[in-house]
There are 2 protein chains.
Amino acid sequence: MARDLQEQIKKLIIDRRLPSGASLPTEPELMELLGVSRNSVREALKALQAMGIVEIRHGFGTYVGPMSMAPMIEGLTFRTVAGHYRGEDSLLQLLELREAVETGLVGRLIGRVTEADLAELDALVDRMDTEAATEGAVSPATDRAFHATLYRGLGNPLLGEVMEAFWDAFHRVRTDLVPRAHDPKVTGIQHREIVDAVRSGDTLRAERAVREHFGDIRERLSAPSAPTAAPHLPYDR
Amino acid sequence: MARDLQEQIKKLIIDRRLPSGASLPTEPELMELLGVSRNSVREALKALQAMGIVEIRHGFGTYVGPMSMAPMIEGLTFRTVAGHYRGEDSLLQLLELREAVETGLVGRLIGRVTEADLAELDALVDRMDTEAATEGAVSPATDRAFHATLYRGLGNPLLGEVMEAFWDAFHRVRTDLVPRAHDPKVTGIQHREIVDAVRSGDTLRAERAVREHFGDIRERLSAPSAPTAAPHLPYDR
DNA sequence: CTAGCTCAGTTGGTTAGAGCAGCTGACTCT
DNA sequence: AGAGTCAGCTGCTCTAACCAACTGAGCTAG
């Protein structure tokens, strides 16, 4: 029945064509509308909130959620962390997922990416070099922006969101479990090669550049620490 | 605070290295353990259940969930349906996501897929033909199995799950909104071409075969019905 | 007259206690 | 020895009350 409740609220959103950000009935209204107790309404809303379908603001109201990939990131992150601590190579699998998808997609960029995007990518690589020189490390935000900008050229916002979700999940787990510094200079070089390869229109070169980039991360990942070598669990998210 | 509760339960799973299927403390136990009321415990569990992290069985107990991609499918499905009814081309975007990823991945299969997998794929295509002849349509299960088997050859279970999740979401939305029959004979031919192309080791041919397959679906999708042309909402999932 | 404060009302957050419903396992009767 | 039954655990739902965050109208001070 609780399952049914969630579906009814979803149906309500669909039926009323509510866009993201629209306000939903209040809890008492939903109680009467659905003929259940407040408690049940709240449990259903909590579940929908966890799926990003609904957004709850204390003292203000309940709204249709942004329908982002945030819940997927959450789930993927937890799944990976849990697997890691059970001795699985879940983090490596997540990296390989990204590698497979990104090497597969970079070829589609050839002849499709705009000059403006390429210029933006150049700027991002420059920023990586700057950060490497001044702070000794490339900030995660810059790396994230690079990958997001790169695949934005494919013209599919959903695809972009999914890619960002994979990035987010991987990065969150990596910083928690393997707080290892990259060689920031290499990072800049590898990203620049990706941009140059895409600009040159050479599909194979672009794929190789992406593969090399990921290969580097993978090496850093699998080299030193076995998954079970983490005695005091730093997980507290 | 409720947010915090979920994190504490997650932490409990991590700390105790609980595998999928392991039993969690009962609700009263969690009440005492976390120092909150039963209601709050339940809301937290409901949210975790929605994310697939926890599995609740009435009258039996609470268990660590299978950590599958089911919640992601749920979210993606709803997002797509909601977008569709608001006049967006969300279903097309989802299809393009699949097309982009699958055309990107099929090249990686070359020289990596085993003979056994190829044989299985042959059998699946044969079954498609049989179904087309006897029932007039290829069953969704067969199509799903084909795509799952194909990308299983990449040797990354996570990747396989993600691909299946995309397939599931797309299929669920499509059957709800565009209950259109494919020409089953064409379906068989296109799938067979994908298998043959992969077997031949010709990357470009494989990519073209996949692209053609998706192009066919896309055509069927965008041809007849504008999104707004659905007056009586059949959505009741 | 305006800027700022205060307070009442609305909304979600939390707690408590009671009873309902599904499942298991041991006990009992045949 | 086997099948039926019942006690107990488990999660599910409801009611009722109060707490906490936010808004907005009205008041007060400048």
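Just so you know, these numbers use all the heavy atoms, side chains as well, and skip hydrogens, waters and symmetry mates. To find a chain, count down the sequence lines: A is the first, B the second, and so on, and within it residues start at 1.
Within the structure, every pair that satisfies the ring-ring contact (aromatic ring centres under 6.0 Å, His included) test and touches residues 17-62 of chain A, not counting sequence neighbours, is listed here: A:Phe60-A:Tyr63. Here salt bridge (Lys or Arg N to Asp or Glu O under 4.0 Å) pairs that include residues 147-163 of chain A, with residues two or more places apart or in two chains, are A:Asp117-A:Arg152, A:Glu120-A:Arg152, A:Glu161-B:Arg79.
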Donor-acceptor contacts under 3.5 Å from residues 140-148 of chain A side chains, at least two apart:
| unit_1 | atom_1 | unit_2 | atom_2 | d |
| --- | --- | --- | --- | --- |
| A:Thr142 | OG1 | A:Glu131 | OE1 | 3.1 |
| A:Thr142 | OG1 | A:Glu131 | OE2 | 2.8 |
| A:Thr142 | OG1 | A:Ser139 | OG | 2.8 |
| A:Asp143 | OD1 | A:His191 | NE2 | 3.0 |
| A:Asp143 | OD2 | A:Trp167 | NE1 | 2.8 |
| A:Arg144 | NE | A:Asp168 | OD1 | 2.7 |
| A:Arg144 | NH1 | A:Glu164 | OE1 | 2.8 |
| A:Arg144 | NH2 | A:Glu164 | OE1 | 3.0 |
| A:Arg144 | NH2 | A:Asp168 | OD1 | 3.4 |
| A:Arg144 | NH2 | A:Asp168 | OD2 | 2.9 |
| A:His147 | ND1 | A:Glu102 | OE1 | 3.0 |
| A:His147 | ND1 | A:Glu102 | OE2 | 3.4 |

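Partners of A:Asp4 under the salt bridge (Lys or Arg N to Asp or Glu O under 4.0 Å) rule, at least two apart in sequence or in another chain, do not exist in this structure. A:Arg108 pairs by the salt bridge (Lys or Arg N to Asp or Glu O under 4.0 Å) definition with nothing, not counting sequence neighbours. Not counting sequence neighbours, the partners of B:Ala47 by the side chain to side chain contact (heavy atoms under 4.5 Å, CB included) test are A:Ala50, B:Gln6. Taking B:Glu27 as the reference, B:Arg38, B:Arg42 meet the side chain to side chain donor-acceptor pair (under 3.5 Å) condition, with sequence neighbours excluded.
Chain A approaches DNA chain D within less than 4.0 angstrom (heavy atoms of the protein), and the contacting nucleotides run 5' to 3' from D:dT13 to D:dT23.
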Take nucleotides 10-16 of chain C nucleotide by nucleotide from the 5' end and write B, S or -, depending on whether a protein heavy atom sits under 4.0 Å from the base, only from the sugar-phosphate, or from neither.
-BBBBBB

